[in-house]
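Here is the structure we will look at, set down as structure tokens.
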Amino acid sequence: MVSAPFLVSAPGKVILFGEHAAVYGKPAIAAAVSLRSYLLTTKHAPEFSDVVTLEFPDVELQYSWKILSLPWNVVPKRSMDTVRPPSELNTALMEALEQSLVAVLHPLQRSAALAFLYLYLCLCNPDMPGMTFSVRSTLPIGAGLGSSASVSVCLAAALCLLSGEVSPPETKGDDDSDFNAANYANIELIDAWAFLGERCLHGNPSGIDNAVASHGGAVMFQRMTKGNPNVRESMRNFPPLKLLLIDSRQPRRTAVQVANVATLLQNYPLVTEPILNGIQALTSEAYKLLLMPNEKCDDLWEERLRELVRVNHGLLVALGVSHPKLEAIRMAADELEIGETKLTGAGGGGCAITLVKRDVEESRILELKERLEGHGFEVFETSLGGFGAGCLLPTKSDATEWEEWEEKLFSLHHMLGLGDREDIQKTVGVGSIDGWAFW
Ligand SMILES: Nc1ncnc2c1ncn2[C@@H]1O[C@H](COP(=O)(O)OP(=O)(O)OP(=O)(O)O)[C@@H](O)[C@H]1O
Ligand SMILES: C[C@@](O)(CCO)CC(=O)[O-]
Ligand SMILES: [Mg+2]
């Protein structure tokens, strides 16, 4: 069992092919990005040990609950036969949590607080000391890059560590591909709990976002249908793709976009089903291309992949999940003949990706960036396929080190609340500081 203070982190993702169709059991392909969420768990001073506090400055939420005021009595008993949580939310607990959330009205804050409380009540117990859970993200929020899943995975990881449900990551060998059975079992459990967090955040998730945020890398994911388990094929040797990631800065909620597609499907099943089947077919084509050995990734290969990006975007437009700002991004990239562009994630705003042609001169890419930034869009640089969830624990071996850590964590606490993306990355960021370990 791990006690506070400690940090956990999980990445966002880019869906390359198959969003929305993924909700209906079709395959989708996604990769982790280097932009991540960070969650710091700290213990309260004795006089506040009866409260639990959320600090989510990215969504302007700070809220405390008396631990004993929470509806512990309706928390479903866990089955002794299985360590995995069920994949459905418990209705009685969801209803009881309404009471605890009466004062949290804004949908962005409410869904995040609901995800926290649901997991906290299921995984912890009323005897645990009061703690603060502070989340900061270097990801844009509600922009298609899986911010909700990365937060869900952080919450699940922190609460599973506190309850002893999982242990901290064991050191793997030098080889990145080294398999560690304990780490695998732990991250599978974190992923399963994070799925419930995603359910609180957007109702009907396929599970692809939390799968990538937990496991990292690049995956082909297919949601469980008709009793068959989810498929998650890790795509090793993912080819290096030159991608631009552009945030239209048009806010939207995944829950709303997913619900809109469900309504379209209900109103026009004969029209909508073939679109979803078309997305399935193109994702399967893309999967074959992305699995080709690097030496076969020639110009024709690249052209095929770009064609699939274009067709995928067209089908998403047909589903009604584009936005004039996303179309403006696509048109700017088309005009400069940079490559092919599609929205990524739930759409309706948020981010687009452009798969850049290999031979495009840097000056044209720069021109595109300037044009887009001139329109108020944000261009991100990120790498694909990095680490999944991990944690950073103070080392207990030596008291001085521990004190230094406490001190450092307190300044991090401050930083987690106030700094911008670059500050967060510099101060606690995976890749910036040593000590992070990954499941
Ligand atoms: N840093 C954060 N702090 C607190 N809550 C967050 C944070 N990041 C995301 N969230 C929660 O997740 C919600 C956004 O999730 P949503 O699924 O709509 O978008 P996304 O995950 O960024 O995009 P997509 O699902 O298309 O990949 C926010 O409204 C908030 O409730
Ligand atoms: C729109 C969607 O397909 C992707 C959101 O990132 C929803 C999901 O799969 O959960
Ligand atoms: Mg989301």
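Whatever order the structure lists them in is the order used to number ligands and atoms, beginning at 1. Residue numbers count from 1 along this sequence. Keep in mind the model is a prediction, meaning the values are calculated, not measured.
Residue Gly345 has at least one heavy-atom neighbour below 4.0 Å for each of these atoms of ligand 2: 6 (O). Numbered from 1 in the order shown, with element, the atoms of ligand 2 that lie under 4.0 Å from a heavy atom of Pro205 read 10 (O). Taking every heavy atom of Glu19 and a limit of under 4.0 angstrom, the matching atoms of ligand 2 come to 3 (O). Listed by number with element, the atoms of ligand 2 under 4.0 Å from a non-hydrogen atom of Ile15 are 4 (C), 6 (O).
Put simply, part of Gly144 is less than 4.0 Å from ligand 1, judged by heavy atoms. Residue Ser111 places a heavy atom less than 4.0 Å from ligand 1. Under a 4.0 Å heavy-atom criterion, Glu19 is not in contact with ligand 1. Residue contact check for ligand 1: Gln257 places no non-hydrogen atom closer than 4.0 Å to it.
Phe195 meets the ring pair (Phe, Tyr, Trp, His ring centres under 6.0 Å) test with no other residue; sequence neighbours excluded. Residues passing the ring pair (Phe, Tyr, Trp, His ring centres under 6.0 Å) test with Tyr63 are Trp65, sequence neighbours excluded. Phe116 is linked by a ring pair (Phe, Tyr, Trp, His ring centres under 6.0 Å) to Tyr120, Phe133, counting only residues two or more places apart in sequence or in another chain.
Counting heavy atoms from C-beta outward, Leu7 and Leu409 have side chains that approach closer than 4.5 Å. Between Glu381 and Lys369, the closest side-chain pair of non-hydrogen atoms falls below 4.5 Å. Using a 4.5 Å cut-off on side-chain heavy atoms (C-beta onward), Leu241 and Leu305 make contact. Taking the side chain as every heavy atom from C-beta outward, Arg304 and Glu285 never approach each other to under 4.5 Å. Put simply, the side chain of Leu108 reaches to within 4.5 Å of the side chain of Arg253, judged on heavy atoms. No side-chain heavy atom of Pro57 sits under 4.5 Å from any side-chain heavy atom of Gln62. Within the 4.5 Å cutoff, no side-chain heavy atoms of Ile190 are placed close to those of Asn210.
Counting only heavy atoms of the protein, atom 12 (O) of ligand 1 lies nearest to Ser148 CB, 3.4 Å. Nearest to atom 26 (O) of ligand 1 among the protein's heavy atoms is Arg252 NH2, 2.5 Å. Distance from atom 16 (P) of ligand 1 to its nearest protein heavy atom, with residue and atom name: Thr254 OG1, 3.3 Å. Of the protein's non-hydrogen atoms, Gly142 CA, 3.2 Å is the one closest to atom 19 (O) of ligand 1. Of the protein's heavy atoms, His20 N, 3.9 Å lies nearest to atom 2 (C) of ligand 2. The protein heavy atom nearest to atom 1 (N) of ligand 1 is Asp58 OD2, 2.8 Å. The closest protein non-hydrogen atom to atom 8 (C) of ligand 2 is Ser206 OG, 3.3 Å. For atom 5 (C) of ligand 2, the closest non-hydrogen atom of the protein is Asp209 OD2, 3.5 Å. For atom 5 (N) of ligand 1, the nearest non-hydrogen atom of the protein is Ala112 CB, 3.6 Å. Val151 CG2, 3.5 Å is the protein heavy atom nearest to atom 7 (C) of ligand 1. Protein heavy atom at the shortest distance from atom 7 (C) of ligand 2 is Val23 CG2, 3.7 Å.
Considering Gly347, Ser37, Pro140, Ser147 only, the shortest heavy-atom separation from atom 22 (O) of ligand 1 involves Ser147. In this comparison of Ile141, Leu61, Thr138, the heavy atom closest to atom 10 (N) of ligand 1 sits on Ile141.
Note: no N/O pair closer than 3.5 Å links Thr254 and ligand 2 by distance alone. The N/O atoms of His202, backbone and side chain alike, include none that comes under 3.5 Å of an N/O atom in ligand 1. Polar contact with ligand 1: absent for Glu198 (N/O pair, distance under 3.5 Å). For a threshold of 3.5 Å applied to N or O pairs, the pair formed by Val135 and ligand 1 contains no separation below that value. Not one N or O of Arg253 is nearer than 3.5 Å to an N or O of ligand 1, by distance alone. Among the atoms of Phe56, none of the N or O lies under 3.5 angstrom from an N or O of ligand 1. Below 3.5 Å of separation, one finds an N or O of Lys13 facing an N or O of ligand 2. The shortest N or O to N or O distance between Arg136 and ligand 1 is not under 3.5 Å. For ligand 2, none of its N or O atoms has an N or O atom of Asn204 under 3.5 Å away.
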Task: Glu340 vs Arg310, salt bridge (charged side-chain N to carboxylate O under 4.0 Å, His left out): CA-CA, chis, key distance, verdict - done: CA-CA 6 Å; Glu340 294 293 345; Arg310 188 183 66 233; 3.4 Å; yes

- [ ] Could you walk me through whether Arg330 and Glu327 pass salt bridge (charged side-chain N to carboxylate O under 4.0 Å, His left out), step by step?
- [x] CA-CA 5 Å; Arg330 187 186 56 74; Glu327 295 309 310; 2.9 Å; yes

Open item on the list: Please evaluate residues Glu55 and Arg136 with respect to the criterion salt bridge (charged side-chain N to carboxylate O under 4.0 Å, His left out), reporting the C-alpha separation (whole Å), side-chain torsions for both, the decisive distance (0.1 Å), and the verdict.
Closed with: CA-CA 9 Å; Glu55 276 181 6; Arg136 282 305 311 270; over 6 Å; no

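Here SG of Cys122 is found 7.5 Å from CG of Asn90. Values are rounded to the nearest 0.5 Å. Once rounded to the nearest 0.5 Å, the distance linking NE2 of His313 with CZ of Phe17 reads 13.5 Å.
Side-chain atoms of Glu19 come within 3.5 Å of backbone N or O of Gly345 as a donor-acceptor pair. Judged purely by atom type and a 3.5 angstrom limit, Arg110 uses its side chain to pair as donor or acceptor with the backbone of Val104. A donor-acceptor pair is defined here as one N or O able to donate and one able to accept, closer than 3.5 Å; such a pair exists between the side chain of Thr382 and the backbone of Ser34.
Proximity of Asp209 to ligand 1, defined as any heavy-atom pair under 4.0 Å, is confined to the side chain (atoms from C-beta onward). Here Gln109 has no heavy atoms under 4.0 Å from ligand 1, in either its backbone or its side chain. Within the 4.0 Å heavy-atom criterion, both parts of Leu108, backbone and side chain, lie near ligand 1. When non-hydrogen atoms are compared, ligand 1 lies under 4.0 Å from the backbone of Ala143 (N, CA, C, O) but not from its side chain. Residue His202 touches ligand 2 through its side chain alone, judged by heavy-atom distances below 4.0 Å.
Using a 3.5 Å distance cut-off with no hydrogens or angles, the side chains of Thr132 and Thr42 do not pair a donor with an acceptor. A side-chain donor-acceptor contact under 3.5 Å links Ser167 and Asn186. Side-chain contact check for His323 and Arg252: no donor-acceptor pair (N or O, by modelled atom type) lies under 3.5 Å.
With waters left out, the protein N, O or S atoms under 2.8 Å from the Mg ion (ligand 3) add up to 1.
Within 6.0 Å of CD on Glu378 lie more than 12 heavy atoms contributed by other residues, nucleotides or ligands.
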